[in-house]
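Chain letters run A, B, ... following the sequence lines, proteins first, then strands; residues in each count from 1.
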Number of protein chains: 2
Amino acid sequence: MRQKEKVTIYDISKKLNISAATVSRALNDSNRVSLKTKELVLKTAKALNYQQNALALALKSGRTFNVGVVVPYINHTFFASVIRGIEEELEPKGYHVIICQSHEDVNNEAKQLKTLLNTHIDGIFISVSKTTEDVKHIEEVRDEGIPLIFFDRKKDISGVSSVTINDYEGAYNATTHLIEQGYKKIAHIGGDHKLQIYKHRYDGYVAALNDHNIAIDENLIMQVSSTVEAGIEAVKLLMKRKIAFDALFSASDYVALGGMRELRAHGFKIPEDIGVVGFSNEPFTKYLERPLTTVGQTPVLMGQIAAQVFLEQISDVKKNVQVEKKVVLSPELYTRDTSSKKGS
Amino acid sequence: MRQKEKVTIYDISKKLNISAATVSRALNDSNRVSLKTKELVLKTAKALNYQQNALALALKSGRTFNVGVVVPYINHTFFASVIRGIEEELEPKGYHVIICQSHEDVNNEAKQLKTLLNTHIDGIFISVSKTTEDVKHIEEVRDEGIPLIFFDRKKDISGVSSVTINDYEGAYNATTHLIEQGYKKIAHIGGDHKLQIYKHRYDGYVAALNDHNIAIDENLIMQVSSTVEAGIEAVKLLMKRKIAFDALFSASDYVALGGMRELRAHGFKIPEDIGVVGFSNEPFTKYLERPLTTVGQTPVLMGQIAAQVFLEQISDVKKNVQVEKKVVLSPELYTRDTSSKKGS
DNA sequence: TATTTTTATGCAATCGATTGCATTTTTGTT
DNA sequence: AACAAAAATGCAATCGATTGCATAAAAATA
């Protein structure tokens, strides 16, 4: 099965006995072609089912109408949803979205960026891996002049735009909510501060306690990975150390879930004895028998806005203006069953 | 910020005072170039940081090393996981994955295929939308000679390969499991038979009942959409009609979840009074307080195998052999809490 | 050394579309 | 009718890499 041979502007030019240049101009609605030939060309183009060869155009113009997205894993709900947002925003403009996974490994991330550059992408969206500390590979992309946009997990690099959520605010609101519900000793199981998001969530938690004159107790604060098992272990450790607390603010829904399991195993009732708030609004949180209160991140919107920032950026590049836009979205607290002291 | 100008084979050829043709041959390790110049070229290429221009190559060769994937929504766990499998299998071979969404709309699907063809993709993976009945747009892709692979949701089109799971077997095993646990009147809330997967699940359910000499009761069988709400409504309807049953096999985890909620609202205990089995092994199923028994589909594996079928196919195309490969994966029943009559 | 064979290299076309510059055709003016 | 101005079209190079065919250089043979 061989491929059908495609119709080119030369086929049209031969058929009409005019030059390919004129055909090209006619198709691009140039004012240097008479109306008569323009119509003729358009008609024959339609008749022959002419399709512009995107590759030839890309080679000539340098624009491929492809963008790359680099995420740790594409099947994590959050990232998949951001990608959905990007795709839906860019698709109507004729762009295609190429996806790459870093597997949370900085070397992979660098490799993906390199091959993306070689594919002559028009822009790159990236959420950095957990292991990304050195950012040379990212600066290289910037220095190539390719529009680059961070989303959610960013690094502070000059000349690179970003779309993130206000993790600080999300954590602050979540913690404040717990305080307002009457909880007094609030533990925080967070994530590795190498990722800004976890640092900011920690900061928000601390600020909320400070603002309500609650002393920070280092014994109540931990950093673990974002898994159910880690949540179980973390609570086990707190129990073993006999550290009392009446609420748990976790930087991860998975950790919150694990934590709740372990707490229940120890006979605590949620939310009566211990209130729990998670982070991310993972789909499972609302399907639990006692739906989990959590901080929602509007990932689809994040993707859409990242795409908009990209579109702005490429129009600015044309004007030879360099921009560095930082968009910070507000998170939303989904108040559900696990955080109202009186039960629901 | 203008883009860095790229190094081409002409830059190398000028530097070495040889022709670009020789440079090209040297880089491709042709045996028509002397070892001396080969080494020289390779050295200068490295020194100048030469990167082959993928676009020029694609224009010349007709191969882009891009493949397209069309799914209803990329942020549905199942599809995202299949895409992950495809990406991980093809990435080492130098391919990039372009994603497209049909939004469960056949017109969108057709449009996406058309723009993918125009992007000169090397192959297309597709899981059809719910509204896809007419398959002309898919046949067109096949007729263009582009390798095409269905995954999960397929249509019967000659000359198109597919990778699916054995929905019949999955349903048969799930139903048999319920029977073996002692449940006798098993309801089936399935999906629209326009999608083969739902028809096959229905068939498997029926076959299991037949094989165990249980009469089929049409009153216990429904077709609804795959949502929690639909599950609630379906059970409500059964209750209203006072139709007794002691087990529920749902073709969707979401429907199973909604069904369980409604059943509990009516005072039924799960699994003691009513056993429940879902389908898909959605992530939330294992996080429920009573984890849901469900049929797992190994989506990542499905993606990997689809990618392998694609790779085989393009090597066969070279040999001018036409193949139509149908791979059917076996599902796995995850036996959890909701289906053991004695409780767990 | 002369001639054939082998090996290495170059020329120029090709993949399609675009575009600056030159040329031809048409239109308008006197 | 003659000429200037304007409009329409064509030529050929360009974007990089590849490749069939021709030629040049080196090696092998007589």
Scan nucleotides 16-22 of chain D against the protein and return all N/O pairs shorter than 3.5 Å with their distances rounded to 0.1 Å.
unit_1	atom_1	unit_2	atom_2	d
D:dG16	N2	B:A56	O	3.4
D:dA17	OP1	B:Y50	OH	2.5
D:dA17	OP1	B:N53	N	3.2
D:dA17	OP2	B:I9	N	2.6
D:dA17	N7	B:Y10	OH	3.0
D:dT18	OP1	B:Q52	NE2	2.9
D:dT18	OP2	B:S24	OG	2.8
D:dT18	OP2	B:N28	ND2	3.2
D:dT18	O2	B:K60	NZ	3.2
D:dG20	O6	B:R25	NH2	2.5

What is the distance from [atom1] of [X] to [atom2] of [N], rounded to the nearest Å?
X	N	atom1	atom2	value
B:D11	D:dC15	CG	P	10 Å
A:L35	C:dT26	CG	C1'	15 Å
A:N31	D:dA6	CG	P	14 Å
A:N17	D:dC11	CG	P	11 Å

Pair B:I98-A:I98, side chain to side chain contact (heavy atoms under 4.5 Å, CB included): steps then yes or no: CA-CA 4 Å; B:I98 292 176; A:I98 292 176; 3.4 Å; yes
CA sep, side-chain torsions, deciding dist, call: B:E144, A:K6, salt bridge (Lys or Arg N to Asp or Glu O under 4.0 Å): CA-CA 10 Å; B:E144 289 271 341; A:K6 302 276 183 180; 3.4 Å; yes
Difference in axis direction between the ends of the helix from C:dT1-D:dA30 to C:dT30-D:dA1, five pairs, 10°: 60°
NZ/A:K15: more than 12 non-hydrogen atoms of other groups inside 6.0 Å: no
Atom NZ of A:K130 with >12 non-hydrogen neighbours under 6.0 angstrom: yes
Passing option when A:T132 is tested against A:E104, A:R153, A:E109 for side-chain hydrogen bond (donor to acceptor under 3.5 Å, both in side chains): A:E109
B:K326: side chain to side chain contact (heavy atoms under 4.5 Å, CB included) partners, not counting sequence neighbours: B:K154, B:S162, B:E324
Taking every non-hydrogen atom, the tightest pair across B:S161 and B:Q313: OG-OE1, 3.0 Å
Side chain to side chain contact (heavy atoms under 4.5 Å, CB included) assessment of A:T115 paired with B:F65: CA-CA 12 Å; A:T115 76; B:F65 280 93; over 6 Å; no
Sugar-phosphate only, base, or nothing, as touched by A:T37 at under 4.0 Å among non-hydrogen atoms: sugar-phosphate
